[in-house]
Amino acid sequence: SAVISQKPSRDICQRGTSLTIQCQVDSQVTMMFWYRQQPGQSLTLIATANQGSEATYESGFVIDKFPISRPNLTFSTLTVSNMSPEDSSIYLCSATMKNGDTTDTQYFGPGTRLTVL
Amino acid sequence: AQSVTQLDSHVSVSEGTPVLLRCNYSSSYSPSLFWYVQHPNKGLQLLLKYTSAATLVKGINGFEAEFKKSETSFHLTKPSAHMSDAAEYFCVVSDKFSGGYNKLIFGAGTRLAVHP
């Protein structure tokens with residue numbers, strides 16, 4: 001399995017500002033993902049962070065709002081830009097490791113709890 | 001497209017009694033299925049996964065799930081609930097993605113409460 005850490009664990013931000021969330025994995029992984037979990041809701045995939053190329057975004061999410069970087073095989077960042085109160089959520093990073101079978105198990109970080117005032 | 005439905009948003013049990021969390025999936029092919037648990041203010045932890053091997057899958061903390069293709073179900077069970085089992089549980093199906101990896105589709109979640 002992989003151990004995943006995120007920084008910050010939580011933050012309170014003002015409307016119109018941006019926040020960058022960091023995700024660090026303790027081993028090289030194939031794919032990294034960013035999810036949003038709105039209050040009382042399930043997880044929704046924002047994008048897949050590809051190493052060495054642009055992220056792949058899901059419907060309803062755009063690069064200008066959620067720019068993502070993945071400079072190497074163990075690290076990724078997600079920026080929440082020009083924040084509004086509707087962006088208040090938990091943002092989770094996950095990573096996929098090949099386990100020798102055909103299924104890629106995803107391991108999750110602890111999440112970043114964002115509150116926008 | 002794949003989808004997953006968790007049939008109960010809330011389940012309440014007494015400590016020591018069995019737990020049943022229900023999940024139905026929709027898939028056009030043989031899916032991979034997962035159960036994750038999220039404790040309050042914590043990240044997600046993988047409980048177990050089904051990957052077309054044995055239909056009865058054993059996970060951590062005494063949980064197990066049975067894959068039933070005829071019923072398109074993947075219900076999570078535990079013989080005896082413990083207070084520490086109180087958490088949010090997510091049933092998840094993987095979706096094939098052109099990038100060569102699987103994308104996870106999450107159910108809405110079931111909140112399990114355990115009473116003394």
Side-chain angles (χ1 to χ4, degrees), chain A residues 1-7 9-10 21 23-25 29-59 70 90-113 115, chain B residues 1-10 21 23 25 27 29-54 57 59-60 67 74 87-111:
Chain A
S1 65
V3 176
I4 302 176
S5 59
Q6 288 184 230
K7 290 182 181 179
S9 59
R10 59 178 62 228
I21 303 168
C23 178
Q24 180 73 54
V25 189
V29 293
T30 53
M31 302 299 299
M32 297 180 74
F33 306 84
W34 287 97
Y35 291 82
R36 182 176 71 183
Q37 186 178 23
Q38 294 176 300
Q41 303 293 315
S42 185
L43 277 74
T44 301
L45 180 64
I46 297 172
T48 303
N50 303 305
Q51 195 264 331
S53 63
E54 279 197 359
T56 304
Y57 289 83
E58 297 299 301
S59 175
R70 189 176 172 194
I90 299 172
Y91 292 86
L92 296 106
C93 168
S94 75
T96 293
M97 303 188 70
K98 291 284 187 181
N99 291 323
D101 58 32
T102 57
T103 301
D104 300 338
T105 299
Q106 285 191 28
Y107 297 92
F108 284 81
T112 295
R113 185 178 295 270
T115 302
Chain B
Q2 322 310 319
S3 66
V4 61
T5 302
Q6 293 184 241
L7 300 171
D8 307 292
S9 59
H10 292 82
L21 305 184
C23 173
Y25 69 92
S27 175
Y29 58 92
S30 183
S32 293
L33 294 157
F34 307 80
W35 277 97
Y36 283 86
V37 61
Q38 186 178 36
H39 290 276
N41 300 313
K42 296 286 182 65
L44 272 75
Q45 181 181 22
L46 178 67
L47 276 179
L48 50 82
K49 65 178 181 179
Y50 166 76
T51 59
S52 76
V57 183
I60 62 172
F67 174 74
F74 190 57
E88 187 86 18
Y89 291 80
F90 294 98
C91 183
V92 181
V93 64
S94 68
D95 192 6
K96 295 293 186 187
F97 195 71
S98 60
Y101 55 88
N102 295 339
K103 183 171 69 173
L104 299 186
I105 309 298
F106 280 76
T110 298
R111 183 168 296 276

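This structure is a prediction, so every number in the text was calculated from the model and none was measured. Throughout, protein chains are lettered first and strands after them, A, B, ... in sequence-line order, and every chain is numbered starting at 1.
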**Report entry** Residues that B:Phe67 engages under ring pair (Phe, Tyr, Trp, His ring centres under 6.0 Å), provided they are two or more places apart
**Finding:** B:Tyr25, B:Tyr50
Query raised in the report: Of the backbone (N, CA, C, O) and the side chain (C-beta and beyond), which part of B:Gln45 lies under 4.5 Å from a heavy atom of chain A, both, or neither?
Result: neither
Query - B:Leu46 portion near chain A, given a 4.5 angstrom heavy-atom threshold - result: side chain
Query raised in the report: Measuring heavy-atom distances to chain B, does A:Gln6 have an atom under 4.5 Å in its side chain, in its backbone, in both, or in neither?
Result: neither
**Report entry** Between OG1 on residue A:Thr105 and CZ on residue B:Phe34, distance to nearest 0.5 Å
**Finding:** 5.0 Å
Query raised in the report: Contact part of A:Leu43 toward chain B, heavy-atom cut-off under 4.5 Å: side chain, backbone, both or neither?
Result: both
Query raised in the report: Any side-chain heavy atom of A:Gln106 sitting closer than 4.5 Å to one from B:Tyr36?
Result: yes
Query raised in the report: Which heavy atom in A:Gln41 sits nearest to a heavy atom in B:Phe90, and how many Å separate them?
Result: O-CZ, 4.5 Å
**Report entry** B:Gly107 backbone acceptor or donor facing A:Ser42 side chain under 3.5 Å
**Finding:** yes
Query raised in the report: Below 4.5 Å, heavy atoms only, C-beta onward: do A:Tyr35 and B:Leu104 meet side chain to side chain?
Result: yes
